[in-house]
Each structure stands twice: as C-alpha cells, then as structure tokens.
Amino acid sequence: MGIQIRQLHPLFVGEVSGIDITKPLTKEQAAAIDAGMDRYAVLVFHDQPFTDEEQVAYSRNFGEIERAVGSNVTAEKDRRLSADLADVSNLDKDHKPLARDDRRRMFNLGNQLWHSDSSFRAVPAKYSLLSGRQVTVGEGNTEFADMRAAYDDLDAKTKAEIEDLICEHSLIYSRGTLGFSEFTPEEKVMFTPVRQRLVRTHPVTGRKSLFLSSHIGTIVGWPMPEARAFIRDLTEHATQPKYVYSHGWKQYDLVMWDNRQTMHRVRSFDNTKIRDMRRTTIAGTGPTVEQVKAA
Ligand code: OGA
Ligand code: MN
C-alpha cells in the first residue's frame, strides 16, 4: 500500500501513513510528499524514530539544508547538535533542562510567539521538519495557523492596502516583545533587520498568503507604533481558532510545515521535564523582496 494522507483540519494539515521516512525515499515518494505539502501546508508523520543523520537525509529530498547559525544566542562551544539541525529542545549539552533564567532558555521562549521560521533571514525558510525525540505529553503542543485562509478571508479594502507592504523582521523585535532586550554588539549585527513582503504568493499553487511573524518590528514607510498596532490586528485575525491546528506530540512524530503558508508557535510546558525536539530546515530559494543596505 502506498502513501495515504488524511486531512486533520477543515482547512489544512495532513496525516501521512504508509511510509517509513527514516529510509531513503524513491523519487515518486518524495514527489507525493511535496505535493502533499503544497496542498496541506503541514504534514504529520508518526513512528519515525530518526537519528540526526537520517533526519538530515530525509530533509534533503526537499532542498538545501539551511544551516542553524545566526539564529540564537547559544555559543558554539555549548552547541548540542550539528549545524544541520536547529536545537529546539530545552536542554544543555549534558541533556539537562536549562535553568529557568538561563539566557538561552529565555531567548528560546520567543518560540511561544506566532512566527514563520527564519523570516528574520533575507532568504526565509521554505520547510521546517521537527522531530519529537522526547516529548511532553498534554502540554508543549505546537500550533499551526493557515495563512492562506487568513489572507483569503480579508476584505477587498484590506487586501488592496497590504498588497505591496514591506515589513522589517528581526529576532531583536520578537525577543523584545517578551522583554528580552540585552544583546551583545555581535548579536546586534547578527540580528540586523531584513525586509519581507507582507503578502506572498506560493510558487506552485499561486495562492496568496499573509507573511506574518512575531519577528516583524515595523512596516517600511510607516510610523512604528502604527505599524505594530496594524500587524497586531492582522495577527489577531490570522490566528483565530478556525485557522489553527494544535499538534499534541507523541514520541517520534515528525511534523513538517511550509513556512511560506503557515505560522506556528509552541505552547508552554513544565521546564523541569525533558523536551528534546530537533529541527531541520529547508532554505528558501530567494528573498521575498530586494534588501536595502542600511545607510
Ligand atoms: C520550531 C519551533 C516549536 C516547538 O521548531 O521552529 O518554533 O514545538 N518550535 O518547539
Ligand atoms: Mn519555529
């Protein structure tokens, strides 16, 4: 029996069965999964006990791996995983939960805000693939919101108003929202804001979506408070329960999502428990808008 996909939410999200993705895929299998991504934007797989190497190999079916550098405040020497994987766990190198006030943990709490991965990079991410190696049950869900449906439901006036807007995204903005505002000079450079279109069009399906993210700090040409109030309203619209799927994790689930069509966030969990989540990220193929060098 081949791959089967069962839709889990009225708008998006497919649960895939009939395939072992820890093993090399045929071209046809990879194409079927890619087509599933275009349609469902989020795919859920169960019982995929990946090693890091297998997860990287599987991810490569969908493009170039985006290296996990320049996206956190963890020193190189404290890194737990290879740079092919983003460490989305709450753990230090000794596999122990980080202290409540550890700077790395406080920074990573930004993942509780709705975002699209790497929207703070000039070339934002295409897919993210998150493997639950050790999960928290009944808490620490990951929620996804369908930015295509959220766009479709806007009135014509709003669609016209936002069509050509450009936003500035930075990790400094998303972390600042939570009161994390102390950055070293090197971090400030690393997290220099980038520009992104607010409305983007999917290259395969042609569907438009809202490119929202907590990393947004302003809209080019707008006063910052007006931009933030406007983005806050749009985000409130786009994350209404009708657009949201909540994933309760089972060990060895692999969830992959299209950052061009969705936002996501993790919900809070007991930080004394181990939550070992490892993400591979597929780089986007280009910027959404031309970057402008700071004056
Ligand atoms: C991510 C992320 C969600 C989670 O992996 O990009 O935002 O559930 N994490 O940890
Ligand atoms: Mn994320």
Side-chain angles (χ1 to χ4, degrees), residues 13 37 41-45 48 50 52 55-56 58-59 62 65-74 80-81 83-91 97-98 104-121 124-147 169-171 173-175 177-178 180 191 196 211-216 235 238-239 244-271 273-284:
V13 189
M37 287 296 285
V42 180
L43 292 178
V44 174
F45 301 77
Q48 308 291 340
F50 277 118
D52 289 355
Q55 185 178 340
V56 169
Y58 170 69
S59 302
F62 308 104
I65 302 281
E66 177 191 281
R67 289 174 59 80
V69 294
S71 49
N72 57 44
V73 295
T74 305
R80 201 171 65 100
L81 309 174
D84 282 343
L85 291 105
D87 193 352
V88 195
S89 76
N90 61 337
L91 305 173
L98 296 165
R104 292 166 288 176
R105 170 173 185 265
M106 293 194 293
F107 185 87
N108 292 341
L109 285 174
N111 280 336
Q112 291 188 21
L113 306 177
W114 285 108
H115 65 282
S116 174
D117 286 334
S118 295
S119 75
F120 53 84
R121 298 187 197 271
K126 180 187 175 193
Y127 297 164
S128 292
L129 302 93
L130 190 59
S131 165
R133 305 296 176 85
Q134 196 168 337
V135 303
T136 49
V137 174
E139 57 184 356
N141 281 17
T142 307
E143 294 181 344
F144 298 89
D146 187 341
M147 293 301 104
H169 296 233
S170 169
L171 281 159
Y173 296 137
S174 50
R175 274 47 191 174
T177 300
L178 294 182
F180 184 110
F191 301 150
Q196 306 289 1
F211 194 23
L212 287 168
S213 191
S214 60
H215 305 308
I216 296 176
T235 303
T239 57
V244 173
Y245 163 76
S246 179
H247 185 72
W249 288 90
K250 290 201 278 286
Q251 189 182 28
Y252 300 134
D253 282 350
L254 184 287
V255 180
M256 59 190 289
W257 61 90
D258 188 341
N259 289 293
R260 303 167 304 183
Q261 316 198 67
T262 58
M263 280 206 289
H264 63 280
R265 66 173 177 180
V266 61
R267 305 316 308 267
S268 71
F269 57 94
D270 177 354
N271 188 57
K273 299 203 180 111
I274 289 176
R275 187 171 186 272
D276 188 354
M277 314 295 285
R278 306 184 186 200
R279 192 186 88 209
T280 35
T281 313
I282 305 304

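Ligands are counted one by one from 1 in listed order, and the atoms in each one are counted from 1 as well.
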With salt bridge (Lys or Arg N to Asp or Glu O under 4.0 Å) as the rule and sequence neighbours excluded, what pairs involving residues 245-259 come up?
Asp258-Arg260
Pairing residues for Tyr173 by the ring-ring contact (aromatic ring centres under 6.0 Å, His included) criterion, not counting sequence neighbours
none
Knowing that exactly one of Ser214, Ser170, Ser174, Ser213 qualifies, which makes a side-chain hydrogen bond (donor to acceptor under 3.5 Å, both in side chains) with Ser119?
Ser213
Does Arg133 count as lying over the ring of Phe50, i.e. NZ or CZ under 6.0 Å from the six-ring centre, within 45 degrees of the axis?
no
With 2.8 Å as the threshold, which protein atoms of type N, O or S lie near the Mn ion (ligand 2)? Leave waters out.
His115 NE2, Asp117 OD1, His264 NE2
Are His169 and Phe120 close enough that their ring centres sit under 6.0 Å apart?
no
Yes or no on ring pair (Phe, Tyr, Trp, His ring centres under 6.0 Å) for Trp257 and Phe144, after CA distance, side-chain angles and deciding distance?
CA-CA 9 Å; Trp257 61 90; Phe144 298 89; 5.1 Å; yes
Please assess Phe211 against Asn259 for the test side chain to side chain contact (heavy atoms under 4.5 Å, CB included), listing each intermediate value before the final yes or no.
CA-CA 9 Å; Phe211 194 23; Asn259 289 293; 5.9 Å; no
For ligand 1, what are the residues with a heavy-atom contact below 4.0 Å?
Val88, Asn111, His115, Asp117, Leu130, Thr142, Trp257, His264, Val266, Arg275, Arg279
So, are Asp117 and Arg279 salt-bridged, with charged N and O less than 4.0 Å apart?
yes
What closest approach, in Å, do Ser89 and Asn108 show between heavy atoms, and which atom pair accounts for it?
O-ND2, 4.3 Å
